[in-house]
Amino acid sequence: MSAWRRVTRPWDGSPAAADLVWFADDPEAAETWAYGYPPVGAGERAARAWAATAHDIATVVGGAAAQVVGDGALARLVRLALPGPAPGSGPRLEVAVETTGTTAGIREALASVVPGGRVLLAARPLSSTTSFPTYHAVHLPGVHVLPVSWEGRGGDVPDHLMAHALRDIQPMADGLTGT
């Protein structure tokens, strides 16, 4: 079983749960998210779950060109899993995948899709409330906002995604804390 937590900078001094090994999406970001896994096999479990999530996103997207919002480990895995933007597809695409969980990331994803497009929320929002104009950003253009399930599981995933996840998803440094 895995657990989720919001991680902020500067570190607030609160200790991370000692009974879990934590993996942050973007440890250099001012605000990010992390999942913690029991110590035995934590790296393998984290890599499999993150790679499976990227693979699931690619399955939902199908062959459509997608904008990936974010620079963290999950965004890199999603970019590897997707076919990439079609040449000449323009600045707005049919699908955006939001991987940061931040209000700014959600706004960027909503603004990057065409009317009737889909925004996949691949990261749990970092705040319980997110302020943006829902009528103009979601309702009027008919944007579909869909959460991506993060079950901490990991079935069959392509070998290249698993290899990248094992290399890129590292445990948080000692003393790194979250909120």
Which atom pairs, donor and acceptor, lie under 3.5 Å between side-chain atoms of residues 109-118 and protein residues at least two apart or in another chain?
{"unit_1": "S112", "atom_1": "OG", "unit_2": "E108", "atom_2": "O", "d": "3.4"}
{"unit_1": "S112", "atom_1": "OG", "unit_2": "A109", "atom_2": "O", "d": "2.9"}
{"unit_1": "R118", "atom_1": "NH1", "unit_2": "V60", "atom_2": "O", "d": "3.3"}

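Annotation: side chain to side chain donor-acceptor pair (under 3.5 Å) contacts involving residues 96-107, sequence neighbours excluded, comprise E98-T100, T100-T102. Counting only residues at least two apart or in different chains, salt bridge (Lys or Arg N to Asp or Glu O under 4.0 Å) contacts with residues 57-77 comprise R76-D168.
For the pair P171/W22, no side-chain contact is recorded, criterion being any heavy-atom separation below 4.5 Å from C-beta on.
Here OG of S149 is found 10.5 Å from CD1 of I57. Values are rounded to the nearest 0.5 Å. One finds the OG1 atom of T32 at 10.0 Å from the CG atom of L74 (value rounded to the nearest 0.5 Å). Summarising the geometry, atom CZ belonging to R45 is positioned 7.5 Å from atom OH belonging to Y37; distances are rounded to the nearest 0.5 Å.
With sequence neighbours excluded, no residue forms a salt bridge (charged side-chain N to carboxylate O under 4.0 Å, His left out) with D26. Every residue meeting the side-chain contact (heavy atoms from CB on, under 4.5 Å) condition with E44, not counting sequence neighbours, appears here in chain and number order: R48, M162, L166. For A165, the side-chain contact (heavy atoms from CB on, under 4.5 Å) partners at least two apart in sequence or on another chain are A47, A51, L77, I169. Every residue two or more places apart in sequence or in another chain that forms a side-chain hydrogen bond (donor to acceptor under 3.5 Å, both in side chains) with H164 is listed here: R167. With sequence neighbours excluded, no residue satisfies ring pair (Phe, Tyr, Trp, His ring centres under 6.0 Å) with H136. Taking E31 as the reference, R6 meet the salt bridge (charged side-chain N to carboxylate O under 4.0 Å, His left out) condition, with sequence neighbours excluded.
Its side chain within the 4.5 Å cluster rule, Y135 clusters with L140 among the Ile, Leu, Val, Met, Phe, Trp and Tyr residues.
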